[in-house]
Amino acid sequence: MIPPAQLWLFALLVLGVVALPGLDMACVLGNTLSGGRRRGFAALAGVVAGGVVHVVLAALGISVVLKLFPALFNAMLLAGAAYIAWIGLSLLRSASARDDARPDDRAPAARAPVPRAASPAAAFRQGLVTCLLNPKAYLFMLAVFPQFLRPLPGTNAPGTLWLQVGVLWLVIAANQAAVYGGLALLAGQVRDWLGRRPAAGAFGARAVGLLLLGVAAFTGIEGWQRL
């Protein structure tokens with residue numbers, strides 16, 4: 001099995017990668033601010049589910065394709081950027097809908113109609129697709145993940161290997177839950193505060209939408225530079 005010291009080292013490496021701002025974090029943040037904690041945690045569940053795919057592909061060695069064919073890496077990078085940009089544009093449209101639906105000053109603010117948020121199932125799909133379109137995750141799994149697998153000689157190598165794969169996936173999922181879950185809780189509090197202030201809520205939706213567009217632009221530029 002994996003020595004405890006190496007398992008802790010893997011956990012620290014994963015924590016450092018997960019804590020860096022990226023497409024997955026932007027997806028969880030955007031869903032929380034637009035649809036609340038429930039939708040944010042649904043997006044987080046989608047990201048964790050996508051992590052299962054990353055781990056399985058790394059264990060099977062399929063992710064090596066991304067290393068052998070850089071064009072595929074670039075295509076996934078651009079696709080991920082486009083998907084996050086679409087989420088950002090959705091938030092901007094939501095903010096515009098709030099402005100259009102806001103009553104005049106003579107009407108109670110509490111009666112302002114609120115656009116219906118997408119379902120948690122849709123947020124889950126967004127988190128899953130965003131995670132699967134993140135090529136950097138595949139390269140991390142290709143470069144780092146195999147270094148921590150220790151099949152023992154004279155044992156059932158396939159069974160032992162997959163047991164270790166499961167342990168490492170639990171470490172990854174725990175880090176994602178801690179970092180993105182904490183972000184969802186914090187963003188949920190911000191959304192509750194904005195919800196009591198309709199004008200601030202629309203401004204917050206625009207700010208997050210622009211933030212997601214910025215992340216998408218940065219990722220897209222990186223992809224174009226690799227072409």
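Counting from 1, the numbers follow the sequence of the chain as shown. In this text the structure is predicted, and so the values were computed from the model without any measurement.
Note: L168 CG to Q6 CD = 10.0 Å, rounded to the nearest 0.5 Å.
Between F148 and L13, the closest side-chain pair of non-hydrogen atoms falls below 4.5 Å. L23 has its side chain out of reach of C27: every pair of non-hydrogen atoms, C-beta onward, lies at least 4.5 Å apart. Looking at V165 and F145, their side chains come closer than 4.5 Å, going by heavy atoms from C-beta outward. Looking only at side-chain heavy atoms (C-beta outward), V48 and W169 come within less than 4.5 Å of each other.
In the hydrophobic clustering of ILVMFWY residues, with side-chain heavy atoms under 4.5 Å counting as a link, L9 and L170 come out together. Under a hydrophobic-cluster definition in which Ile, Leu, Val, Met, Phe, Trp and Tyr are linked whenever side-chain heavy atoms come within less than 4.5 Å, directly or via other members, V167 and L12 are assigned to different clusters. Taken together through direct or relayed side-chain contacts under 4.5 Å among Ile, Leu, Val, Met, Phe, Trp and Tyr, L185 and V18 form part of one hydrophobic cluster.
Between H54 and Y138, the angle of the ring planes goes over 60°, which puts this pair in the perpendicular group of the 30/60° scheme.
Partner of L132 under the side-chain contact (heavy atoms from CB on, under 4.5 Å) criterion, chosen from T130, L128, N134, V129: L128.
The minimum heavy-atom distance between V28 and A184, with the atom names listed, is CG1-CB, 4.2 Å. For A19 against M25, the heavy-atom pair with the smallest separation is O-CE, 3.5 Å. What you find for I172 and V55 is that their closest heavy atoms are CD1-CG2, 3.9 Å. The heavy-atom pair separating P120 from R38 by the smallest distance is CG-NE, 3.5 Å. Shown here for R39 and A123, the closest heavy-atom pair between the two residues is CG-CB, 3.2 Å. In plain terms, the two heavy atoms of F140 and V17 that are nearest each other are CE1-CG2, 3.7 Å.
Although no hydrogens or angles enter the test, the distance criterion places a donor-acceptor pair under 3.5 Å between the side chain of N175 and the main chain of V171.
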